[in-house]
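Working notes, beginning with the structure itself.
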Amino acid sequence: MEMRCSGGVQMLQILGLVLVLGIPNCEAVLRHKFVIKETNYTRLCSTKSILTVNGQFPGPTLYAHKGDTVIVDVYNKANYNVTIHWHGVKQPRNPWHDGPEYITQCPIKPGGKFTQNVTFSLEEGTLWWHAHSDWTRATVHGAIIVYPKESTSYAFAKPHTEVPIILGEWWKQDIVDIYDEFLQSGGDPNISDAYLINGQPGDLYPCSKQDTFKLVVEYGKSYLLRVINAALQDILFFAIAGHQVTVVGTDASYTKPLKVDYITISPGQTIDLLLEANQPKDHYYMAARVYSSATGVEFDNTTTTALIQYKGRYTPSSPPPLPYLPYYNDTAASVNFTGRLRSLASGEHPVPITVPQTVTHKFLFTVSVNTFPCVNDSCAGPNGSRLAASVNNISFVSPSISILQAYYYHIKGVFGTRFPSKPPLEFNYTADYLPLAVRTPRNGTEVKVLKYNATVEMVFQGTNVVAGTDHPMHLHGTSFYVVGWGFGNFDKKKDPKKYNLVDPPLQNTIAVPKNGWAAVRFQAFNPGTTIATLMLTRFFSSIEGIIIWLFGGENIFFRSLVHALSSRTTLVMGHGDGIHR
């Protein structure tokens, strides 16, 4: 561990910001080495090579305290380009190291190295890291645990033990081959063959019982389960047989304690659960299975399990009891959980960011499944088309250099700044029958430029274009308050009157309900390139359905807020080839 102190020359460089940023001080600096390489793993009775970090699946857990900086040296020993994203880490004034390829950086080429500074500021709780190139995050991911600052404590009694619970997916086929077939066909990708808990399918799958993840607990003690949904495609229900759990945090922000029988967790989301070992000594299953609201879409209907085993001498039930999990398409059960989350916002743990009571910018963004026509109707999507996704009917086209680099260095022709603030065509977004004109989106690389410290309200409106479904959305570089949600079309006159502006949950990932809407608010205090990404990969290739935000306004002011990236660092990264493999 090193100690890094700001001051001296750095103090002069940011003199104009001292009143905002405070007096420079010292912070802990931790260093890790990530080697991305192929490793053989056996699951479901067969062995295949998968991409891993340091040979581990899931990858290594990063530990830090609030305010720490972690330096990660990423070595790409794989055969294709890759980047690493620190999901939910705000990276203040440090957008170069966020990780999405061609947005904040070009990918790391095979044989290359990129050193990433991961700066923790307001986060406290559970986050995660993952690859942000194509579908490589299926196996390249791991947990991030951010402890409270030294000499401070949790917002709840300290648990006896803390355990990451990473939910994932497994395909028998090579994930790169599945992705390539998906791109070529234009239809739905192959569904997974299993769900996973901490890299293992569990007892209900063939050849899996021996390696099922087991958590040994002691009666009368509490356990903090740091649950992460690392699945590529699916929202999941999760529960523990015979036990209620208490939600105490989500996306590295404390929540009011919420005792529940099950949780609903979106791809990319994290939820902290307190488990009290207070039941008769036995073995109990924890389990997860899909929540899938789209009609007529194939999905993995299997259930992954792990075991809670109480210490002591007894004869365990055989088989162990399974928990109740809602039915796969139970939308009411899904929103009943998410709609009850509230920020803690009290005592020694106030909300880290004030809930914006008024806003300077209001946006309405439709989030849709779309199609592109194919020659001779030769694709595998509906009516021979190619599936896509869009926001306000724009399907994102990845540039050949990073958008952040283009903005910072005045490189023209990489992106436009005309991303629409509302849908270009207003219609009954959730009707059963919609105009054919909205089925085909427009391709574009458009961004929305916001001034530093602007306050923003975004309403994500789900549509029934092609297929209505839930839309998990993730915002890079900042968290947002979920101030409202509902079904049907958003009513700009009536719905804001029902907003929760007192204790809404502070999150970085949400699910827009099927044929419904979700309203979020945030302040653009973190300059850089921030993206709102659609986390559900089933309906689109790469990251088609996204919004790009540039916080900072005029470029000169922007450059004063964002640290420059060493040109030596960028030389080992890919430029312009557009090749992901």
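Throughout, residue positions are numbered sequentially from 1 according to the sequence presented.
At least one side-chain heavy atom of R137 sits under 4.5 Å from a side-chain heavy atom of L232. Side-chain contact check for N500 versus V483: every heavy-atom pair is 4.5 Å or farther apart. Counting heavy atoms from C-beta on, the side chains of M473 and L475 never come closer than 4.5 Å. Between N198 and I165 there is a side-chain heavy-atom pair separated by less than 4.5 Å. Using a 4.5 Å heavy-atom threshold, the side chains of F156 and L344 count as separate. Looking at Y223 and I308, their side chains never come closer than 4.5 Å, going by heavy atoms from C-beta outward. Between T360 and K451, every side-chain heavy-atom pair lies at or beyond the 4.5 Å cut-off. Put simply, the side chain of S266 does not reach to within 4.5 Å of the side chain of I510, judged on heavy atoms.
For the atom pair CD1 (I271) and CZ (F337), the distance works out to 4.0 Å, reported to the nearest 0.5 Å. Here N117 contributes atom CG and N94 contributes atom CG; the two are 6.0 Å apart, rounded to the nearest 0.5 Å. How far CD of Q357 is from CZ of R521: 7.5 Å, rounded to the nearest 0.5 Å. Distance check, rounded to the nearest 0.5 Å: CD of Q91 to CD of E123 gives 8.5 Å. Note that OG1 of T331 is 2.5 Å distant from OH of Y291, once rounded to the nearest 0.5 Å. Atoms CZ and CZ, on R289 and F237 in that order, are 8.0 Å from each other to the nearest 0.5 Å.
In this structure, F114 has its ring center closer than 6.0 angstrom to the ring center of H97. Taking the six-membered ring where the residue is Trp, the centroids of H476 and H85 are separated by under 6.0 Å.
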Worksheet entry | Evaluation steps, side chain to side chain contact (heavy atoms under 4.5 Å, CB included), between L273 and V247 | CA-CA 5 Å; L273 304 175; V247 180; 3.6 Å; yes
Worksheet item: Could you walk me through whether D272 and Y154 pass the side chain to side chain contact (heavy atoms under 4.5 Å, CB included) check?
Response: CA-CA 12 Å; D272 291 338; Y154 292 126; over 6 Å; no
Practice prompt. Just do the side chain to side chain contact (heavy atoms under 4.5 Å, CB included) check on Q105 and L404 with the steps written out, would you?
Written response: CA-CA 7 Å; Q105 68 178 81; L404 179 61; over 6 Å; no
Worksheet entry | Stepwise side chain to side chain contact (heavy atoms under 4.5 Å, CB included) test for I228 and H87 | CA-CA 11 Å; I228 300 165; H87 191 107; over 6 Å; no
Discussion item. As a quick check of understanding, evaluate side-chain hydrogen bond (donor to acceptor under 3.5 Å, both in side chains) for T115 and D73, giving each step before the final call.
Written reply: CA-CA 4 Å; T115 296; D73 297 311; 2.7 Å; yes
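In K214, the NZ atom is crowded: over 12 heavy atoms of neighbouring residues, nucleotides or ligands sit closer than 6.0 Å. Environment of NZ in K362: sparse, with no more than 12 heavy atoms of neighbouring residues, nucleotides or ligands closer than 6.0 Å.
Taking the six-membered ring where tryptophan is involved, the planes of Y324 and Y262 are perpendicular, since the angle between them exceeds 60° and thus also 30°. Between F363 and F365, the ring planes are parallel. Angles under 30° get that label, and only those over 60° would be called perpendicular.
The two residues F34 and V72 make their nearest non-hydrogen contact at CG-CG1, 3.6 Å. Residues T52 and Q56 come closest through the heavy atom pair CB-O, 3.5 Å. The minimum heavy-atom distance linking A131 with T136 is given by the pair CB-OG1, 3.1 Å. In plain terms, the two heavy atoms of G484 and Y499 that are nearest each other are CA-CD2, 4.2 Å. For the residue pair S343 and Y481, the shortest heavy atom distance occurs at OG-CE2, 3.9 Å. Closest approach of L450 and A524 over heavy atoms only: CD1-CB, 4.5 Å.
For N229, the side chain to side chain donor-acceptor pair (under 3.5 Å) test picks out no residue, with sequence neighbours left out.
A donor-acceptor distance shorter than 3.5 angstrom exists from the side chain of W128 to the backbone of G268, with no hydrogens or angles considered. Remark: the backbone N or O of G202 is not paired with any side-chain donor or acceptor of T305 at under 3.5 angstrom. Q405 contributes no side-chain N or O that, together with a main-chain N or O of I403, makes up a donor-acceptor pair within less than 3.5 Å. Here the side chain of Y310 pairs a donor or acceptor atom with the backbone of N278 at under 3.5 angstrom. A donor-acceptor distance shorter than 3.5 angstrom exists from the side chain of K448 to the backbone of F419, with no hydrogens or angles considered. T304 places a side-chain N or O within 3.5 Å of a backbone atom of P201 that can act as its donor or acceptor partner. Looking only at distances, no side-chain donor or acceptor of D234 sits under 3.5 Å from a matching main-chain atom of V290. The backbone N or O of H160 lies less than 3.5 Å from no partner atom in the side chain of K221, so there is not a single donor-acceptor pair. At distances below 3.5 Å, at least one donor-acceptor pair connects side-chain atoms of H243 with backbone N or O atoms of A241. The backbone N or O of D251 lies less than 3.5 Å from a partner atom in the side chain of T270, making a donor-acceptor pair.
Counted by atom type alone, S479 and N508 present zero donor-acceptor pairs between their side chains at under 3.5 Å. Using modelled atom types, one finds a donor on one side chain and an acceptor on the other under 3.5 Å when comparing E101 with S133. In the model, N453 has a side-chain atom that pairs as donor or acceptor with a side-chain atom of Q523 under 3.5 Å.
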